[in-house]
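Report on one structure; see the data block that follows.
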Amino acid sequence: MSTAVAQLALRRIAPLWLALCVCGILAATALSSRGDSNESGALARQGLWTLATILVSTLLAFRAASAAARLSRTEYDFAGATPMSRVGWFFSCWSGALAASLGAVFVAALCGEFAARFDTPCPREVSLAPAPERGVLDGREPLRWSVDARAGETLRLPLTFLAIEPTAELRWEAVRGEQRSQTLCTLARPMALELAAPEGEGLVELTLARTAGGAIALLTGERMQRLVPAGSARQSAFVLGAHAFLAWAAFTALALGLATWIGPGLAATLALALQLLGWLVGDAFATDATTLGALLRALEVAGHGIVPAWPPLGAWMHAALCVSIGSLAFVRGFGRRCGGVR
Amino acid sequence: MPTAARAPLVEIRGLVRSYRHGFLGTPRRVLHGLDLEVHAGEFLGLVGPNGSGKSTLLRVIAAVDEADEGSVRVLGHDPDAREARDATGFCPEDSPYPPEVKARAVLRMLGSLRGMSGAALSNRCDELLERVGLTHAANERLGTYSRGMLRRLCIAAALVHRPKLVLLDEPTAGLDAPGFAAIESLLDEVRADGASVVMSSHLLGDLHQRCDRIVALVDGRSIAQGSALELCAELGPRARLELAFEGLDAGTLAELQRLAASRGARFCGVQPSQSNLVELYRRAGPPPAP
């Protein structure tokens with residue numbers, strides 16, 4: 001690997017004018033969408049990171065692809081005659097892309113926190129727990145299931161409803177040994193129920209029942225969140241940054257590799273298509289084991305004023321897979337159009 | 001320079017190289033089973049018309065392209081091996097360097113890729129930039145360079161790590177007279193260091209003065225090799241030679257013409273040497289600082 005080549009790639013992927021433009025757009029968005037409460041602050045944070053993801057990841061991928069295409073075609077006599085291997089060239093260029101991603105994450109985090117404005121204590125997602133799929137509460141049978149949750153955690157369950165009547169009264173109860181906790185609520189709109197896990201060891205037995213009202217409560221099919229107190233809502237910036245960095249790193253690696261075979265515009269588009277395909281496949285199997293899926297879910301969680309969980313192992317593995325595919329495509333295609341096929 | 005007793009630095013046997021072209025990727029053979037040896041310390045010229053395979057041959061030796069058939073060994077290694085690449089400096093036909101980078105940065109980057117660093121690298125870059133006359137433009141982007149300036153930089157870039165084998169593809173194309181003189185001086189130094197040079201040109205005049213041996217390529221085949229005079233001798237009475245004199249007056253010139261005519265040779269004309277331009281520029285003094 002070469003620092004000089006990484007610097008060259010960084011200059012090409014994020015030249016000063018482009019960096020200033022992106023910073024300007026994100027700063028203007030942060031100014032215009034500043035939250036005035038905890039709830040709107042969380043939405044402002046979510047909105048800014050969403051914009052940053054769409055804007056920055058597309059730009060980074062396209063510019064990384066352009067840089068790779070130039071090296072592979074018009075500058076291959078320079079690259080091919082040096083002692084650095086093609087793998088070295090890939091990782092040097094990708095390091096430049098990673099440096100650009102880190103810079104963009106930093107700017108997005110600054111602008112996001114400026115837009116969110118409020119720094120209040122909020123819960124942090126630890127992990128997801130299973131919930132009954134498509135459960136229906138029509139007053140006949142309560143739903144029962146069990147989860148592994150520690151004392152001090154809060155369980156959060158998203159619900160929606162069918163409005164045959166305006167509301168439904170619900171009781172959600174958790175039992176662990178002799179310990180018990182419960183929450184009562186009136187369901188009049190899609191919402192999430194929260195319940196503290198009882199003290200003690202072992203599985204928590206959960207019961208959700210409709211006690212009154214005519215509306216039919218429905219479980220959305222989403223998994224239940226396990227939450228702990230986070231201390232500060234600003235932790236979201238670090239977690240969202242990690243998710244965004246991982247997704248952008250995987251995206252640029254794919255674009256770098258594909259650009260040695262096809263044009264940079266097409267390479268960036270194909271890399272995006274592959275990312276979307278991975279997300280859709282992951283969604284179909286109800287897993288966040290893709291970088292894009294994990295990022296989108298983290299954005300959704302942050303919008304509820306909850307600090308998202310760190311990227312799961314599956315997302316790291318997916319990123320590693322994208323980098324492997326990108327590097328393989330790069331190594332095989334680098335200089336191919338100049339006769340440098342090996 | 002006697003070379004027969006030395007082990008070849010580059011050994012090529014039965015080299016075949018094809019390129020694909022057209023929509024269907026039809027292969028077109030550029031080199032047809034070429035055999036060639038370059039000995040340590042030898043200055044080898046490659047001459048031939050456009051499309052004769054000179055650039056392809058240099059690119060294969062430099063490990064930029066790969067041979068389809070046959071074997072290529074550089075210092076006993078595959079050209080792609082680190083040992084061979086580290087020992088080779090390649091100046092391609094067109095500048096392959098990023099146009100947004102400055103000349104000094106290019107030399108530093110190439111030096112660092114070859115394991116050079118610190119003061120040694122800085123000094124070498126400064127020295128080469130001065131030798132090729134680019135000190136004044138060292139901190140300008142390559143996108144602003146003229147073709148001649150890019151040629152000078154490419155030659156400096158090929159020499160930055162003091163390679164044992166220097167491959168120069170048409171190094172004099174687009175060079176002005178002072179640039180030509182600077183490159184000649186650099187090549188003298190390369191030879192004095194004992195490095196081998198393989199230089200291609202489609203002009204015999206570029207090669208004959210300094211080459212130990214010239215290989216003539218036509219359609220990817222070696223059709224003749226030897227010194228420039230030996231190549232001319234193969235043409236027999238159709239050979240045409242250019243003589244260079246200093247301090248020749250008109251009377252002596254007329255006498256030479258008569259002598260040549262009396263020996264059955266035809267006098268074809270008088271042509272001033274390119275070195276006159278260098279002298280003319282030198283008299284005008286150093287160029288103004290930018």
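The shown structure was predicted, so the numbers you read here are calculated from the model rather than taken from an experiment. Letters A, B, ... mirror the listed sequences (proteins, then strands); counts begin at 1.
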Within residues 8-24 of chain A, which positions have a heavy-atom distance to chain B below 4.5 Å? Leu8(A), Arg11(A), Arg12(A)

Among residues two or more places apart or on two chains, list those pairs meeting side chain to side chain donor-acceptor pair (under 3.5 Å) that have a residue in residues 152-162 of chain B. Arg152(B)-Asp176(B)

Any residue meeting ring pair (Phe, Tyr, Trp, His ring centres under 6.0 Å) with Tyr97(B), in chain and number order, not counting sequence neighbours: Phe78(A)

Heavy atoms from other residues, nucleotides or ligands near [atom1] of [X] exceed 12 (cutoff 6.0 Å):
X: Glu130(B); atom1: CD; answer: no
X: Arg28(B); atom1: CZ; answer: no
X: Asp219(B); atom1: CG; answer: no

Considering non-hydrogen atoms only, spot the tightest contact between Pro96(B) and Glu75(A) and give its length. O-CG, 3.0 Å

Looking at Arg59(B) and Asp77(A), would you say the former's side chain and the latter's main chain have a donor-acceptor pair under 3.5 Å? no

Write out, in numerical order, the residues from residues 104-123 of chain B with a heavy atom short of 4.5 Å from a heavy atom in chain A. Met109(B), Leu110(B), Ser112(B), Leu113(B), Arg114(B)

Side chains of Arg85(B) and Ser85(A): closer than 4.5 Å at any heavy-atom pair? no

